> 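Structure incoming, see below.
In this text, all values refer to a predicted model and were calculated from it rather than measured experimentally. Remember, it's 1-based here, ligands and their atoms both numbered in the order they're listed. Side chains included, hydrogens not; waters and symmetry mates left out as well; all remaining heavy atoms used.
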Amino acid sequence: MEPSAQRIKIAVQKSGRLTDHSIDLLERCGLKVTKSKDQLFCFGENMPIDLLLVRDDDIPGLVSDDVCDLGIVGLNVVEEKRFASEADGRPARFKQVFELDFGHCRLSIAGPEETAYDDLESLNNTRIATSYVGLLNNFLSKNGIDAEAVYFSGAVEIAPRLGRAEYICDLVSTGSTLKANGLRELDVLLESEAVIIQTEKPLGADKQALVDKILQRLDGVLQVRESKYIMLHAPKSALAEIHELLPGTEAPTVLRLDGSDDKVAVHAVCRENVFWETLENLKAAGASSLLVLPVEKMLD
Ligand code: PRP
Ligand code: ZN
């Protein structure tokens, strides 16, 4: 077994929206892990990769300080750390290396439903409650707005009712938290999703090669999520039209059908989901015996 300095350490959210999906993605890349008794550590059985399960807000700091090589965390948390560190005069030392296309949400300004809000100018001389002071202050100064960020570590949505702020700046995903608190979304500061960050300190050739391999596998995992393998029979005369109708396909395979002169079999990887409408359009164009299969792995 490799000495621990040679193992890659990835910081992952301990319990929250990103946890299951983060671990699931790594497992789809071939990693097998066992969780420690205290649930704070996952040991990689078949690759020199271990997971540290921590609070999401701590992840950028752990990567910046080289305690972990990589971190999987929301862009909102990453950017907040970046602005907060800059404001402290100690720039964060991590870089974003991958967008994971899950955990989509946005950081927005919201206010009580009855608030008269025209545009950002309406925020002048108000108080805005948030856990994202760095991002908010950056946004306000960039737009020349003079408002006060009031720090709340959680339950930001109750600040207006407590009389502590006129507005809030918080994450919105489904919007149900805002609705439940009589608030409406007014402006978006940041569109967020889960990303992978890596320490800026060079990892050394072996570790970097393994990181590159994992990122390449992740690329494949994300691609196959949407991809389908489609098989159908088609009259030769309809091939051009059928190719046009196949979503996200470069060159389909065309095969001879035994005992048929005018019909061929068409097989293609579609890099987009194949919906019923597409199948119906293909059938209308002359296709028959349509079959759509999931794709499990892909390597370009
Ligand atoms: C966020 C945010 C809201 C909620 C919004 O908290 O602070 O409370 O999600 O989601 P909705 O629009 O689907 O209702 P989260 O659960 O991510 O916890 P954290 O920010 O404290 O880590
Ligand atoms: Zn959090």
Side-chain angles (χ1 to χ4, degrees), residues 10-25 39-40 42 51-64 67-68 70-85 87 92 94 96 99-115 117 123 126-140 147-197:
I10 308 181
V12 172
Q13 187 181 26
K14 182 169 56 186
S15 57
R17 281 174 212 255
L18 305 185
T19 308
D20 291 345
H21 217 123
S22 302
I23 296 174
D24 180 59
L25 273 178
Q39 310 271 310
L40 298 178
C42 288
L51 313 183
L52 261 70
L53 303 178
V54 297
R55 280 191 48 214
D56 63 345
D57 306 14
D58 293 336
I59 292 175
L62 289 169
V63 176
S64 185
V67 179
C68 292
L70 300 176
I72 301 182
V73 65
L75 183 62
N76 53 299
V77 176
V78 173
E79 293 297 278
E80 174 59 21
K81 176 70 178 182
R82 195 190 303 282
F83 288 124
S85 312
F94 52 72
Q96 184 181 321
E99 291 178 357
L100 286 162
D101 198 26
F102 74 92
H104 289 276
C105 60
R106 50 201 186 271
L107 185 67
S108 294
I109 303 276
E113 261 149 19
E114 63 281 5
T115 306
Y117 180 89
L123 298 175
T126 65
R127 296 164 301 170
I128 307 172
T130 191
S131 315
Y132 295 88
V133 172
L135 270 161
L136 176 60
N137 279 334
N138 176 266
F139 177 79
L140 293 173
E148 183 195 348
V150 181
Y151 178 73
F152 268 62
S153 63
V156 175
E157 59 277 1
I158 64 170
R161 259 182 296 151
L162 295 178
R164 299 290 303 279
E166 285 68 44
Y167 295 96
I168 69 164
C169 168
D170 199 12
L171 289 185
V172 183
S173 170
T174 59
S176 59
T177 302
L178 291 186
K179 205 161 175 208
N181 288 280
L183 302 169
R184 77 184 162 102
E185 196 174 356
L186 302 166
D187 256 299
V188 177
L189 279 69
L190 176 82
E191 297 279 353
S192 181
E193 67 182 293
V195 298
I196 300 187
I197 52 171

> With backbone taken as N, CA, C and O and side chain as the heavy atoms from C-beta onward, which portion of D170 lies under 4.0 Å from ligand 1: side chain, backbone, both, or neither?
side chain
> Just by distance, no angles: are the side chains of Y117 and D187 close enough, under 3.5 Å, to form a donor-acceptor pair?
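Yes, side-chain donor-acceptor contact under 3.5 Å.
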> Taking 4.0 angstrom as the limit and counting only heavy atoms of T174, give me the atoms of ligand 1 inside it, by number and element.
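In order of number, 11 (P), 12 (O), 13 (O), 14 (O).
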> Could you say whether the N/O atoms of Q13 and ligand 1 ever approach to under 3.5 Å?
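No; the residue has no nitrogen or oxygen that sits under 3.5 Å from a nitrogen or oxygen of the ligand.
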> Taking only residues two or more places apart in sequence, or in another chain, which ones meet Y151 in a ring pair (Phe, Tyr, Trp, His ring centres under 6.0 Å)?
none
> Please examine the side chains of V77 and I59, heavy atoms only from C-beta on, and report whether any two atoms are closer than 4.5 Å.
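No, every pair of side-chain atoms sits at 4.5 Å or beyond.
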> Please list, in number order, the atoms of ligand 1 under 4.0 Å from a heavy atom of V172.
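In order of number, 12 (O).
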> Does G16 have a heavy atom less than 4.0 Å from any atom of ligand 1?
no
> Please report the interatomic distance CD1(I128) to CG(N137), rounded to the nearest 0.5 Å.
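Spacing of CD1 (I128) from CG (N137) equals 9.0 Å.
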> Between Q96 and I196, is any pair of side-chain heavy atoms under 4.5 Å apart?
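In short, these two side chains do not touch, never coming nearer than 4.5 Å.
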> Mark up the atoms of ligand 1 that fall under 4.0 Å of a heavy atom belonging to G175, in ascending order.
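Per the distance check, 11 (P), 12 (O), 13 (O).
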